[in-house]
There are 2 protein chains.
Amino acid sequence: MENQQQLYNQYQKIKRFVSVDCVIFGYEQDQLKLLLFKRIIPPAQGEWSLIGGWLQEDESAETAAMRVLQYITGLTDIYLEQVHVFSKPDRDPGGSVLTVVFNALIRVEKHSNQLIEKFGAKWFAIDEVPPLIFDHDEMFKIAFDKLRLKGTYNLIGRQLLPEKFTITQLRNLYNAIFQKQFDPGNFRKKVLSLKMLEQLEEKDMSESKKGAFYFRFKDIEDSNLYEPIFRNAIKL
Amino acid sequence: MENQQQLYNQYQKIKRFVSVDCVIFGYEQDQLKLLLFKRIIPPAQGEWSLIGGWLQEDESAETAAMRVLQYITGLTDIYLEQVHVFSKPDRDPGGSVLTVVFNALIRVEKHSNQLIEKFGAKWFAIDEVPPLIFDHDEMFKIAFDKLRLKGTYNLIGRQLLPEKFTITQLRNLYNAIFQKQFDPGNFRKKVLSLKMLEQLEEKDMSESKKGAFYFRFKDIEDSNLYEPIFRNAIKL
DNA sequence: ACAAAAGTGTTAGCCGTACACCCATGT
DNA sequence: ACATGGGTGTACGGCTAACACTTTTGT
């Protein structure tokens with residue numbers, strides 16, 4: 001028993017700087033996009049990076065990430081999900097910093113572009129992401145992998161697509177996430193079989209002569225959490 | 001642009017205590033088990049908890065978790081995986097602490113029971129876990145869910161089973177993880193079709209008259225990372 | 001011979017995939 | 001009428017789940 005005591009005593013409580021970084025995904029013009037920021041302070045000034053911030057005294061990591069995102073986009077109620085913690089003591093040139101990385105899913109249409117321009121931000125198509133500072137490249141890779149994994153057992157889109165959307169738009173989102181072309185007919189049948197969407201009266205007439213019915217996500221939370229949806233979306 | 005500056009300046013770099021907690025899984029006697037510790041210091045003295053420790057100056061969270069596990073079990077090369085970060089400022093009665101939770105997978109047979117007894121530790125069957133201190137209940141739940149999710153697209157067992165094991169043992173592990181009975185014949189065929197195991201000459205004669213061939217995991221790392229294996233293991 | 005676990009074979013049904021086909025409508 | 005995307009139907013192949021069946025050997 002004295003050994004457990006030792007485990008607690010031998011090593012001190014030591015404080016460390018804690019920050020959050022946000023991998024902000026958006027969807028626009030049939031493309032999955034990533035919001036990046038041109039760093040305005042040294043080191044690595046002028047290079048692209050994720051946006052982040054320092055954890056304050058009375059904040060959880062989630063709260064801090066939300067605060068940063070709200071400040072940048074003006075949006076409240078952004079969807080957040082923890083991705084990974086980066087904590088190697090030498091990972092940040094400015095000293096030992098522990099960083100919690102979050103995925104943030106945003107409706108691009110909803111937020112003001114002016115706000116974003118003020119911060120030197122730019123949306124990049126997911127397959128045209130430039131090199132990022134420090135270990136942000138790895139952060140993005142892990143974050144994107146996590147988003148894709150989630151997409152195989154959860155229907156993604158509630159937070160990325162507009163309130164009402166067509167099945168084709170949803171399919172384009174999946175095409176973008178998994179970088180493959182889903183079969184239109186099969187995708188429709190699969191998605192509707194999940195009974196997570198409800199069809200609206202209204203049609204979108206902008207994409208075709210016939211028009212496509214709008215759908216929206218039902219109000220229930222994403223339930224069947226572990227049911228495989230697109231089983232073979234990610235290939236070897 | 002001045003606004004991004006503001007985001008960096010307005011909020012200070014503030015340090016916070018950082019700890020790690022380990023959800024230690026083991027497998028013994030056809031049961032998935034969790035290693036818990038009787039807390040010897042106030043508050044909540046005498047109650048069961050996960051084991052943890054303080055992050056030191058020159059450590060990553062992974063290093064700290066590994067140090068704690070090594071100290072407890074005497075093992076090196078323990079399999080670790082990040083689970084989640086808990087960082088609500090009021091979650092620890094002793095002050096604002098950010099905790100990184102890890103899953104640790106251990107071969108029960110390999111480590112000394114004496115070491116564990118010295119620390120007031122005890123293995124609990126996964127369905128007989130007692131109430132835990134603070135938010136450790138939630139930590140365990142999230143950690144177990146994560147292990148199960150992983151089990152649906154990865155073959156779990158490399159780190160939990162002995163070096164050589166029978167298919168029946170592997171199946172019992174999956175029975176324990178998913179709390180259901182996998183069909184012996186189908187499980188065997190499925191697992192072998194993954195070509196991740198190699199059959200040894202030797203047989204285990206202890207469980208049956210006929211004897212069962214031992215298998216071992218091939219040396220390659222767990223590759224086909226996203227291929228669904230047991231698609232419907234977790235039911236709604 | 002029997003029991004009991006190991007291991008193989010068989011079948012029916014479900015599901016994913018590919019692709020043909022019809023629908024509605026603006027030009 | 002025809003081109004275009006929306007939406008439905010079908011047919012094949014592979015996989016899963018259930019379970020029957022064979023093998024092996026200690027008692």
Side-chain angles (χ1 to χ4, degrees), chain A residues 29-30 151-153 155 161 164-175 178-216 224 226-236, chain B residues 29-30 151-153 155 161 164-175 178-216 224 226-236:
Chain A
Q29 295 167 318
D30 298 349
T152 65
Y153 60 83
L155 194 55
L161 295 170
K164 55 186 184 182
F165 53 87
T166 65
I167 300 292
T168 302
Q169 283 177 277
L170 180 59
R171 174 164 52 84
N172 283 331
L173 171 61
Y174 265 83
N175 287 344
F178 293 106
Q179 326 241 47
K180 66 179 254 187
Q181 294 298 117
F182 285 84
D183 179 276
N186 296 336
F187 184 89
R188 154 178 293 273
K189 275 176 286 189
K190 180 70 196 185
V191 158
L192 292 181
S193 77
L194 300 173
K195 300 194 183 300
M196 293 177 65
L197 306 180
E198 63 185 2
Q199 186 174 330
L200 306 181
E201 305 287 319
E202 197 183 350
K203 277 189 166 188
D204 169 30
M205 302 306 291
S206 67
E207 294 293 319
S208 73
K209 325 292 164 83
K210 184 179 175 181
F213 280 107
Y214 279 120
F215 287 78
R216 63 176 214 81
N224 28 15
Y226 287 118
E227 187 164 357
I229 302 182
F230 298 102
R231 308 189 156 173
N232 303 313
I234 304 179
K235 294 247 172 78
L236 175 78
Chain B
Q29 296 168 316
D30 299 349
T152 64
Y153 59 82
L155 195 55
L161 294 171
K164 55 185 185 184
F165 53 88
T166 65
I167 301 292
T168 302
Q169 284 178 277
L170 180 59
R171 176 165 51 83
N172 282 333
L173 171 60
Y174 264 83
N175 287 345
F178 293 107
Q179 325 241 50
K180 66 178 254 188
Q181 294 300 115
F182 284 84
D183 178 276
N186 296 335
F187 185 88
R188 153 178 295 271
K189 275 174 287 188
K190 179 72 197 185
V191 158
L192 293 180
S193 77
L194 300 172
K195 299 192 183 304
M196 293 177 65
L197 305 180
E198 63 185 3
Q199 186 173 331
L200 306 181
E201 305 288 318
E202 197 183 349
K203 277 190 167 188
D204 169 29
M205 303 305 292
S206 68
E207 294 292 318
S208 73
K209 325 291 165 82
K210 183 180 177 183
F213 280 106
Y214 279 119
F215 287 78
R216 63 177 212 81
N224 29 15
Y226 286 119
E227 186 165 357
I229 302 181
F230 298 102
R231 308 190 158 173
N232 302 315
I234 304 179
K235 295 246 173 79
L236 175 77

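Quick note: numbers below take in every heavy atom, side chains included, and nothing from hydrogens, waters or symmetry partners. As the structure is a prediction and not an experimental result, all values here were calculated from the model.
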Grab the [atom1]-[atom2] distance between [X] and [N] for me, whole Å please.
X: A/Q169; N: D/dG5; atom1: CD; atom2: P; value: 15 Å
X: A/K209; N: C/dG26; atom1: NZ; atom2: P; value: 9 Å
X: B/F187; N: D/dT16; atom1: CZ; atom2: C1'; value: 15 Å
X: B/N172; N: C/dA5; atom1: CG; atom2: C1'; value: 12 Å
X: B/Q181; N: D/dA17; atom1: CD; atom2: C1'; value: 15 Å
X: B/E207; N: D/dT23; atom1: CD; atom2: C1'; value: 18 Å
X: A/L194; N: C/dC15; atom1: CG; atom2: C1'; value: 13 Å
X: A/D204; N: D/dG5; atom1: CG; atom2: C1'; value: 11 Å

- Closest approach of A/Y214 and A/Q169, non-hydrogen atoms and distance? CE2-OE1, 4.4 Å
- Message: Using every non-hydrogen atom in the two residues, find where A/K164 and A/E202 come nearest and quote the distance to one decimal.
- Response: NZ-OE1, 2.6 Å
- Message: Taking only side-chain N and O atoms of B/K190, does any of them lie within less than 4.0 angstrom of OP1 or OP2 on D/dT16?
- Response: yes
Could I get the full list of side chain to side chain contact (heavy atoms under 4.5 Å, CB included) partners for [X], not counting sequence neighbours?
X: B/Q29; answer: B/K33
X: A/Q199; answer: A/F213, A/F215
X: B/T168; answer: B/T166, B/R171, B/N172

Tabulated below should be each protein N or O lying under 3.5 Å from an N or O of nucleotides 7-12 of chain D; please produce it.
{"residue": "D/dG7", "atom": "OP1", "partner": "A/F213", "partner atom": "N", "Å": "3.2"}
{"residue": "D/dG7", "atom": "OP2", "partner": "A/R188", "partner atom": "NH2", "Å": "2.2"}
{"residue": "D/dG7", "atom": "O5'", "partner": "A/R188", "partner atom": "NH2", "Å": "3.0"}
{"residue": "D/dG9", "atom": "O6", "partner": "A/K189", "partner atom": "NZ", "Å": "3.0"}
{"residue": "D/dT10", "atom": "O4", "partner": "A/K189", "partner atom": "NZ", "Å": "3.2"}

- Query: If you count the non-hydrogen atoms of other residues, nucleotides and ligands that lie under 6.0 Å from NZ in A/K195, is the total more than 12?
  - Reply: no
- Item | CG-CG distance between A/N175 and A/D30, expressed to the nearest 0.5 angstrom | 8.5 Å
- Using the C1' atoms of the five pairs at each end, what is the angle between the end axes of the helix from C/dA1-D/dT27 to C/dT27-D/dA1, to 10°?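 Terminal axis comparison yields 20°.
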- A/F165: ring pair (Phe, Tyr, Trp, His ring centres under 6.0 Å) partners, not counting sequence neighbours: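 By the ring pair (Phe, Tyr, Trp, His ring centres under 6.0 Å) rule, A/F165 matches A/F217.
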